[in-house]
Every structure is written in structure tokens, then in C-alpha cells.
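Below is one structure, written out as C-alpha cells, with a few remarks after it.
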Amino acid sequence: MNGSFIDFRHKELTPQVTVLKMSHQFMINYNYLVVDPITREAVVVDPAWQIEKVDQALADAQATLSGILLTHSHLDHVHLSKPLAAKYNCPIWMSHEEIDASGYRADQLVGIDESPWIVGKMKIQPILTPGHTPGCICYQISDNLFTGDVLFAEGCGICPDTEAAYDMYTSLDHLKRVLKPHTRIFPGHSYGRQPGRIFSQVLQENIYLQFRDKESFAAFRLRSGQNKSKMFNFR
Ligand SMILES: [Fe+2]
């Protein structure tokens with residue numbers, strides 16, 4: 001072999017994550033543009049409220065939008081899906097469970113399970129995490145996890161009833177088993193901490209990751225006032 005040959009095949013080029021803070025009236029959502037550095041293909045997670053910011057982020061990254069990842073069907077996570085899918089002629093991905101439970105429909109909608117697929121050179125790995133809604137999905141791309149309303153740095157999403165809270169406990173327990181400590185957590189909302197905190201920190205700081213059984217978790221998650229005025233009072 002030529003002595004000057006340099007083998008880049010094992011050089012890891014990690015996806016680039018752009019954090020987009022979106023607002024509408026009192027709502028603030030975090031969207032994420034994830035760009036494959038090799039092909040410049042991109043996906044956007046839970047787009048809502050300010051389409052011009054998505055357009056600008058794509059232009060800045062010199063990327064093309066290849067698809068839209070939806071964690072769940074709530075309006076503040078799907079708001080820009082249809083206009084973006086029409087504008088960039090790309091699919092919208094959502095779990096079969098969420099489609100069935102919510103009735104959400106779009107021309108470009110593709111139902112998914114936990115089977116991974118490739119965009120550009122990026123592996124998209126869905127992880128089913130029901131609880132906040134019946135078909136919530138987290139998406140893992142390289143060492144980044146996009147968690148929607150499942151896991152926040154400061155807490156977890158609201159659960160409508162005891163069964164949903166049991167599901168949430170199981171989902172969070174599953175994440176504790178499968179995530180590497182250095183995985184970066186990118187939630188749909190922030191309640192004080194910046195998106196992109198590493199999981200080992202979240203594991204120490206987040207009270208919802210401390211429970212050892214679903215009953216005590218559900219009792220805490222559903223404690224008085226949590227679905228009303230104290231929704232974001234996580235402790
Ligand atoms: Fe939600």
C-alpha cells in the first residue's frame with residue numbers, strides 16, 4: 001500500500017445539531033435540525049411556530065430537508081410539519097401507535113415502529129416511550145436523543161392517568177437501561193436548563209429518574225395540581 005495513503009473510513013463524522021428556540025404567544029418549544037455532515041441531508045424534530053427559522057437554519061447549514069421526525073401529535077410539536085413537508089417534499093415520521101391514538105393525518109405521513117433507518121449517512125433509531133401520549137417516540141441519532149415531552153432536563157411530561165404514568169415509568173426505566181452516560185438529551189421544552197445536557201447529569205438531577213417502582217412514581221407524577229396550575233412545578 002502507498003505509504004501516504006490515509007484511511008478515513010473509520011473517522012467518525014458526527015451529525016450536527018442546531019438548536020432552534022421557537023415561540024408563539026406564551027409557548028416556547030425547542031426544535032432541532034440534525035444535519036449529516038457528509039451528505040448535508042437533514043431532519044428536523046417537532047417543528048413548530050416559526051418556519052422562517054427552519055428555512056434559515058437549512059440555508060446556513062447548506063442542507064436539504066429529507067424528513068420530519070415527530071415525537072408525538074400535540075399541536076406544539078407538529079404545527080409546521082405539513083407546510084414543511086409540502087415545501088421540501090419530504091416525509092413526516094410518527095409512530096403507528098400515535099397515529100392510531102391521535103387521528104393525526106398528513107399526505108406525507110409515514111408510520112414507524114422501532115426499526116431504524118438511514119438518512120444521508122445518519123442512523124435514525126426510534127425508541128418507543130409511551131406515557132405522555134400512547135405513541136410517544138424518542139429518536140436517537142448518534143449520541144443525541146430527542147425526547148419531545150417524555151424526558152426534560154428538569155422533569156418529565158404530564159401523564160393523564162395512572163396507567164399512563166405506569167407507562168411513563170417503564171419508558172424512563174428503559175431509557176436508563178439503554179442510554180450511554182454521555183448521550184446528549186434534547187427535549188421539546190426547557191424549564192431552566194439548556195438543551196443538550198448529558199444523560200449522566202440528567203440522571204443525577206432529575207427527580208423522575210430516581211423512583212424504583214411504578215406505584216411511587218405514579219403517585220408523585222399524579223400528585224395534586226400537577227395537571228393544572230402546578231404543571232411545570234416538577235418538584
Ligand atoms: Fe405534549
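In this text, all values refer to a predicted model and were calculated from it rather than measured experimentally. We count ligands from 1, going down the list as the structure has it; atoms in each ligand are counted the same way.
- At least one N, O or S atom of D149 sits under 2.8 Å from the Fe ion (ligand 1).
- Ring geometry, Y32 versus F146: the interplanar angle falls from 30° to 60°, so the pair is classed tilted.
- At least one N/O/S atom of H72, from backbone or side chain, sits under 2.8 Å from the Fe ion (ligand 1).
- Atoms ND1 of H74 and NE2 of H132, as seen from the Fe ion (ligand 1), are separated by an angle of 90°, to the nearest 10°.
- Counting only N and O atoms by type, the side chains of D60 and Q56 include a donor and acceptor under 3.5 Å apart.
- For K176, the NZ atom counts as densely surrounded, since its 6.0 Å shell holds more than 12 non-hydrogen atoms of other residues, nucleotides or ligands.
- Checked for salt-bridge contact, D167 and K214 miss the test: no charged N lies under 4.0 Å from a carboxylate O.
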